[in-house]
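Heads up, the thing below is written out as structure tokens.
In listed order, ligands and their atoms are each counted from 1.
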Amino acid sequence: MESVPKRRRLQRSPSPTYKFDDEDGSFEPYIPVSERRQQKLLKLKSWGTNTDKQRARKQQEELDEREDAQKEEEIRREKARMERTLLMEAQEVHSKKAVEDAKKTDSEKAEEVDAEILEAIKSRRKLASDMELAKGIYYTESLTTSWKPPKYILQRSPEQHQKIRDKFHILVDGEDIPPPIEQFADMKIPEPILQYLKINRIVTPTPIQLQGIPTAFSGRDLIGIAFTGSGKTLAFCLPLIMMALEEELKLPFIRGEGPVGIILCPSRELANQTFENVMTWCAALAKEGRYPQLNTLLCIGGISMNEQSHVMNKGLHIVVATPGRLIDMLEKKRFTFNNCKYLCMDEADRMIDLGFEDDVRNIMSFFKRQRQTLLFSATMPRKIQDFAQESLIKPILVNVGRAGAANLDVLQVVEYVKQEAKMVYLLECLQKTPPPVIIFSENKNEVDDIQEYLLLKGVEAVAIHGSKSQEERQYAIKSFKSGAKDVMVASGVASKGLDFNDIQHVIIFSMPKEIEDYVHQIGRTGRSGKTGIATTFVNMNTPEQTLLDLKYLLMEAGQKVPPFLSTIDDPRAAQGGSLKGCSVCGGLGHGISNCPKLEDAKRREMASHRTADDGGY
Ligand SMILES: Nc1ncnc2c1ncn2[C@@H]1O[C@H](COP(=O)(O)OP(=O)(O)OP(=O)(O)O)[C@@H](O)[C@H]1O
């Protein structure tokens, strides 16, 4: 029920009170009940509407929240599912690999390891100067020379060229290979040199010469591999002499000019020997006065360069050097490589193994123009061939026989001699042939002991090893070469490249760990087509792997394999794997992962490579 009395009263006394009441603000207009009811209803209605909206909003919010929570849950679940899948996949892959690995034979696993090691080796820097590498200088074309083979040889078909190569077991690889030439006269070698060679019983080219010389004469980069004593020295010296001669004839060299080319050797002894060869060939060339005198400088550690000032005071054509002294001379600007365009490395694999790689790059950085690069050795493992091929310009590989194979003109005898019996047996062994004989030992002290023992027994013996002074080394080589001494006892230093006259017998007192060293050591005999004997002492101190390498090498050369070697089984054969030779050292009895050379390489890396033994400085 509504109360109305106040409003009824006001309606009865109208205007003055009305005005007054309005002024104090207490006036309230009358709203009819029906209208008020209507208003209330509307208000109530509107309240109802707001509550609904709020509820709806709330409901919506709850819905949204629920949806969000659901979405989050889904994402969480998906993530968990993904993680589970990846984990499962990883587990699956892992278990699959484990199953595959289990299926692999030991030899397959070993091959995988070998491949990984080889890959790591391959990643070494190119054999080019740092400047060339930094500037991205990359030559694509070989040097051109004025030399051409005679027309009638050029007219032969590729098949005819190949027939000649096959006849001499020459393997070649590369683009546009120059033809093999079977006669020195056809190589257009100056007559005085031909005459000199003839007098020294060098009448027809050896296989490495008949393919290597035309290749080098054509200006091509070359990797020459041929067995010990097969005449590699002439193959890389003659092209340089010809190149120097041509330059000198064009415009004679004056003081401060030259050299035209350089021959790098890993030891002083080898450099000295090559220097003497070049000197005699140049002297022969100039003898009759038809050709000019070419000047050659020997640049090795242990000698005074002042002694050669007479050469330095003239134009310089050829330098024969060891890396250390050469760098020293170049840094001191005693001569420059401004006009140098021929670089040959003898015993190239040894140069690289000895850690001369950076020195070689350093030497290359002194060249001011494109050069012709040649690498020669009797042993050139696959990894060095690959490395070299990447570093040369359109190189040609000339390979006579397997790289690292023994010279077939050497009769190889392997004898089991107990350690304590070696010295006494050595005397007996010396009776096998007349002198000259070389005895090799891996140990400097042992070299001295053997020499002392032999001297006591009245044998005329000299000794050479890295701890001897340069004079002592020179004396030993000179007196042995001249025939004044019958026996030379030597450490590895004398094994590679040294060419002594008609060595009858090589005795290997202690078998080197690396089969390559053995190949070089026995290679001091059986040179230039003559035969020789090599006797090797082995015993229980010789590692089985070395014996296995030796066994395979004897088999390859068709030599007698003694019973104690025949009984050594190749562990790789038992595993059913391949019996491929090691591409790091060329040994036939093991894979890369067991290569003794890799261990040695690590050792050498740590040691300073400019020791007296390597003669590099
Ligand atoms: N065409 C040839 N005919 C006969 N004898 C040769 C010929 N060429 C070189 N000779 C002689 O063969 C001997 C060995 O030559 P060289 O020293 O060049 O061999 P090498 O292949 O360098 O051996 P190593 O790998 O041991 O260094 C030398 O005395 C040399 O005079």
| request: Using a strict cut-off of less than 4.0 Å between a Lys/Arg side-chain nitrogen and an Asp/Glu carboxylate oxygen, indicate whether D502 and K530 qualify as a salt bridge. | output: yes
| So is G523 close enough to ligand 1, meaning a heavy atom under 4.0 angstrom away? | no
| remark: Heavy-atom proximity to atom 15 (O) of ligand 1, picking from A378, A226, S377, G231, points to G231
| query | Would E415 and K432 pass as an ion pair if we require N to O under 4.0 Å? | reply | yes
| request: Using a 4.5 Å cut-off on heavy atoms from C-beta on, say whether the side chain of R371 contacts that of Y342. | output: no
| query | Any ion pair linking K341 and E247 (charged N to carboxylate O, less than 4.0 Å)? | reply | yes
| Which residue from V519, D499, T206, T228 reaches closest to atom 29 (O) of ligand 1 through any of its heavy atoms? | D499
| message | Show the atoms of ligand 1 that are less than 4.0 angstrom away from any heavy atom in T233. | response | 16 (P), 17 (O), 18 (O), 22 (O)
| Atoms of ligand 1 less than 4.0 Å from S230 heavy atoms? | 19 (O), 20 (P), 21 (O)
| said: Name the residue from I503, I464, D486 that meets the side-chain contact (heavy atoms from CB on, under 4.5 Å) definition with F480. | reply: I503
| request: For the residue pair F537 and F509, categorise the inter-ring angle as parallel (less than 30°), tilted (30 to 60°) or perpendicular (more than 60°). | output: tilted
| What do we get for R527 next to ligand 1 when only non-hydrogen atoms under 4.0 Å count, side chain, backbone, both or neither? | side chain
| note | If we number the atoms of ligand 1 from 1 as shown, the ones under 4.0 Å from a heavy atom of R524 are 26 (O)
| For E347, the ligand 1 atoms whose distance to one of its heavy atoms is below 4.0 Å | 27 (O)
| Does even one non-hydrogen atom of T204 get within less than 4.0 Å of ligand 1? | yes
| said: I'd like to know if R361 pairs up with E357 as an ion pair, taking the criterion as any Lys NZ or Arg NE/NH1/NH2 lying under 4.0 Å from an Asp or Glu carboxylate oxygen. | reply: yes
| task | May I ask whether H520 has any heavy atom positioned less than 4.0 angstrom from an atom of ligand 1? | result | no
